[in-house]
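A short worksheet on the structure shown next.
Throughout, a chain's letter reflects where its sequence line sits, starting with A, and its residues are numbered from 1.
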Protein chains: 2
Amino acid sequence: MAKAAGVSRQTVSRALNDLGEISPGTRARVMDAVAALGYRPNMFARGMKTRRSDVVGLVVSDIANPFYPSVARGVFDAARERGWNVVIYNTDADRDREAAALVDLVDRGAQGAVGFFYALPEEELAGFAASLPLVVADRRLTNPALSVVSADFVGGTETAVDYLVSGGHREIGMLDSGVGLAVDERRDAFVEAMARHGLDASASVVVGSPDLAGGAAATRALLAERPGTTAVFGFNDLMALGAVRALRELGVAVPGGCAVIGFDDLEFSQYADPPLTTIHSDKHEHGVLLVRTLDDLRPDGKGGAAAPIRISMPVRLVRRTSA
Amino acid sequence: MAKAAGVSRQTVSRALNDLGEISPGTRARVMDAVAALGYRPNMFARGMKTRRSDVVGLVVSDIANPFYPSVARGVFDAARERGWNVVIYNTDADRDREAAALVDLVDRGAQGAVGFFYALPEEELAGFAASLPLVVADRRLTNPALSVVSADFVGGTETAVDYLVSGGHREIGMLDSGVGLAVDERRDAFVEAMARHGLDASASVVVGSPDLAGGAAATRALLAERPGTTAVFGFNDLMALGAVRALRELGVAVPGGCAVIGFDDLEFSQYADPPLTTIHSDKHEHGVLLVRTLDDLRPDGKGGAAAPIRISMPVRLVRRTSA
DNA sequence: GTGAAAGCGCTAACAC
DNA sequence: GTGTTAGCGCTTTCAC
């Protein structure tokens with residue numbers, strides 16, 4: 001026991017946990033002893049009483065998709081400021097795994113959970129939000145118990161479509177992500193943006209996995225069905241890059257024969273051939289905001305049932321040469 | 001208590017932990033009750049006795065560097081097979097943070113730690129290996145208490161140099177990573193490989209941060225010092241890509257004016273302009289092997305002091321058009 | 001094959 | 001401002 005070293009017993013506890021009722025001198029003495037003996041409080045015993053641990057959960061569908069590491073970096077940086085460790089859950093957008101991640105996090109007494117949930121229905125998420133602070137990323141939610149931090153996909157989609165249309169394109173296709181059930185949000189944004197220009201794009205949306213291969217496959221499907229397509233808008237940069245690849249294999253030049261525009265602006269996209277025109281979002285800031293929003297949830301007691309926080313992060317067009 | 005549901009008390013414990021001394025019937029009844037009541041064992045209480053938790057730690061220097069997520073994906077997949085969660089530590093190659101990660105992991109009673117340690121000296125790593133199963137990635141280590149799974153950097157470097165030399169290059173520069181203290185390993189491999197061709201490259205190695213910007217900066221420095229350079233070998237694909245960018249800004253064509261070759265073969269590298277010639281390694285498998293090696297460490301009791309495991313993963317040249 | 005008792009190392013509540 | 005007591009929910013002996 002550190003008791004032997006200093007003088008007291010769980011005065012140590014008082015010192016370590018910064019409870020007011022302790023004299024500066026005693027506290028200093030304890031801290032010295034702690035440092036000298038290399039004492040480490042047992043996190044299990046502590047958790048047993050407090051039912052909390054200094055951990056925050058980050059839920060993503062595929063850590064190998066470079067989009068997520070970028071926001072993860074923001075989550076790490078923000079977590080570090082708070083003295084939290086971060087446990088990451090890779091769900092592959094599977095409903096059970098998304099749920100399992102959340103269950104584990106409440107078991108752990110985590111400080112909160114943030115992440116991308118593509119499969120869990122809104123009501124279930126709301127249920128979890130009652131057990132721990134939860135902030136959902138990139139999803140349109142209506143349940144008042146849920147807080148969200150999303151890139152402005154609707155605005156970004158409008159920007160992309162406007163840009164393409166202003167470039168003379170009318171036969172524009174969209175490569176949508178086929179994972180989870182959140183699909184419609186983005187598809188709707190696209191169809192809507194097209195409708196503003198008097199264009200009916202409801203039949204020009206084709207889905208695929210949100211990665212390079214999925215983008216390529218979706219592009220082939222799109223062109224087979226609508227050979228007149230002169231521009232494609234990707235759900236993300238990965239799909240857009242896959243489109244470029246597929247287009248070339250089909251013998252169509254980019255952007256000459258068909259323009260391509262992405263979403264996210266991965267660091268790499270500017271190095272692509274051709275450099276990808278895309279909708280930029282600040283991924284690091286997204287991660288930071290996700291955990292910062294956790295702070296705002298806490299004071300209320302539980303999951304912010306009172307006033308859900310809904311943050312929309314601005315995005316902007318980055319013109320390069322693919323469109 | 002689940003006791004009320006079933007019949008007994010910590011017969012529940014026996015059932016849950018699969019201890020032999022229990023009748024199949026009782027066990028089934030308990031499991032049913034557990035499922036019905038949605039009972040979740042308290043991990044803190046359990047950890048208090050066992051001093052273990054089903055967690056594995058992954059230590060990386062920068063999760064936003066796309067190399068790490070690729071191996072992380074392998075770590076996740078392997079961890080999932082074992083029912084482990086993974087907590088990731090982002091160290092920025094800082095010695096204290098590398099140590100803090102390991103300290104936290106032993107506090108947590110983690111099943112093990114794997115990762116990239118660039119700053120912690122070998123002896124300190126060995127110290128930690130006595131407290132938990134530890135597998136170090138991509139580093140040449142001599143301490144018998146330490147196990148390692150590394151991509152074959154020496155072999156890959158030879159391959160790259162041989163390839164460049166066979167292409168007629170003699171003035172070859174290397175862009176080395178400036179993080180951590182493991183620098184010399186790779187630099188040495190390069191100088192050595194060059195020496196085999198009778199080339200003295202000791203003055204052609206320039207360091208930078210192991211990312212796009214670092215590669216660009218290092219390249220500018222290299223060319224300023226050795227204008228005759230006709231080929232550069234990057235520590236990783238990121239630096240190589242940065243080199244391509246810098247070269248172009250300097251008005252030198254790639255590979256016409258200067259060839260570039262990378263290391264790792266990130267998924268993106270084939271989409272780069274020009275597609276990057278590089279040394280390929282199986283990053284997913286690297287992650288899988290890292291945690292699999294943890295299994296091999298466990299039986300021995302502690303950190304495998306008896307027989308250190310040293311795995312070298314094969315790499316191969318992928319010819320594209322940058323070199 | 002199953003129950004009973006002890007104790008892991010903390011923090012909270014209360015006495016001093 | 002500091003010491004004492006109790007108990008968090010498990011797993012581990014040890015009886016039976």
Side-chain angles (χ1 to χ4, degrees), chain A residues 1-55 83-85 103-111 131-132 301, chain B residues 1-55 83-85 103-111 131-132 298:
Chain A
M1 288 305 134
K3 159 198 279 185
V7 268
S8 45
R9 161 78 173 98
Q10 80 311 354
T11 302
V12 174
S13 181
R14 280 192 257 264
L16 260 37
N17 293 287
D18 239 337
L19 275 343
E21 311 159 334
I22 189 173
S23 75
T26 310
R27 187 181 138 80
R29 212 151 8 105
V30 172
M31 294 311 248
D32 284 353
V34 164
L37 274 64
Y39 167 78
R40 315 234 79 234
N42 180 309
M43 61 167 354
F44 294 114
R46 175 175 286 182
M48 197 146 168
K49 288 268 11 155
T50 65
R51 308 192 145 289
R52 312 238 116 268
S53 67
D54 287 340
V55 156
W84 299 346
N85 283 121
V103 167
D104 185 67
L105 253 4
V106 342
D107 282 358
R108 287 205 130 68
Q111 299 290 331
S131 307
L132 90 170
Chain B
M1 287 306 132
K3 159 198 281 186
V7 269
S8 44
R9 160 74 173 102
Q10 79 309 0
T11 302
V12 173
S13 180
R14 279 191 258 263
L16 260 36
N17 293 288
D18 241 336
L19 276 342
E21 311 159 336
I22 188 173
S23 75
T26 310
R27 186 180 140 81
R29 212 154 5 106
V30 172
M31 293 311 248
D32 284 352
V34 164
L37 276 62
Y39 167 78
R40 316 233 78 233
N42 180 309
M43 63 168 350
F44 294 115
R46 174 175 289 182
M48 196 147 170
K49 289 283 347 170
T50 64
R51 306 191 149 289
R52 312 237 115 266
S53 66
D54 287 338
V55 157
W84 299 345
N85 283 120
V103 167
D104 186 67
L105 253 4
V106 342
D107 282 357
R108 289 206 128 67
Q111 299 291 330
S131 306
L132 89 172
R298 191 166 310 294

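Annotation: side chain of B/Arg108 is in contact with side chain of A/Asn85 (closest heavy-atom distance under 4.5 Å).
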Verdict with reasoning, B/Val55 to B/Met43, per side-chain contact (heavy atoms from CB on, under 4.5 Å): CA-CA 12 Å; B/Val55 157; B/Met43 63 168 350; over 6 Å; no
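Look at CZ on A/Arg40: it is 21 Å from P on C/dC8, rounded to the nearest Å. Protein atom CZ of A/Arg46 is 22 Å distant from nucleotide atom P of D/dG7, rounded to whole Å. Atom CG of B/Asn42 is separated from atom P of D/dG7 by 18 Å (rounded to the nearest Å). Rounding to whole angstrom units, CE of residue A/Met43 and P of C/dT11 are separated by 12 Å. Whole-Å rounding puts the B/Phe44 CZ to C/dG7 P distance at 24 Å. Taking atom CZ of residue B/Arg52 and atom C1' of nucleotide D/dC10, one finds them 16 Å apart after rounding to whole Å. Rounded to whole angstrom, the span from the CZ atom of B/Arg51 across to the C1' atom of D/dT12 amounts to 14 Å. In this structure, A/Asp107 atom CG and D/dC10 atom C1' are separated by 14 Å, rounded to whole Å.
Across B/Gln111 and B/Ser53, no two heavy atoms sit closer than the pair NE2-O, 3.2 Å. Among all heavy-atom pairs drawn from A/Tyr39 and A/Leu16, the shortest one is CE2-CD2, 3.7 Å.
Between D/dG3, D/dG9, D/dT11, one nucleotide has an atom nearer to the side chain of B/Met48 than all others, and that is D/dG9. With D/dT11, C/dC10, D/dT2 as the choices, the nucleotide that has an atom nearest any side-chain atom of A/Lys49 turns out to be C/dC10. Among the nucleotides D/dC10, D/dG3, C/dT11, the one closest to the side chain of A/Ser13 is C/dT11. The nucleotide whose nearest atom lies closest to any side-chain atom of A/Thr11 is, among D/dG3, C/dC10, D/dG9, D/dG3. For A/Tyr39, taking side-chain heavy atoms from C-beta onward, the closest of the listed nucleotides C/dC8, C/dC10, D/dT2 is C/dC10.
Annotation: the span from A/Arg14 atom CZ to A/Thr26 atom OG1 amounts to 10.0 Å, rounded to 0.5 Å. A distance of 10.5 Å separates OG in B/Ser13 from NZ in B/Lys49, rounded to the nearest 0.5 Å. Going from atom CG of B/Leu105 over to atom CG of B/Leu132 covers 6.0 Å, rounded to the nearest 0.5 Å.
Scanning atom types as modelled, one donor and one acceptor separated by under 3.5 angstrom connect the side chain of A/Arg14 and the base of D/dG3.
Defining each end axis of the helix from C/dG1-D/dC16 to C/dC16-D/dG1 as the rotation carrying four pairs' C1' atoms onto the next four, with five pairs an end, the two axes are found to diverge by 30° to 10 degrees.
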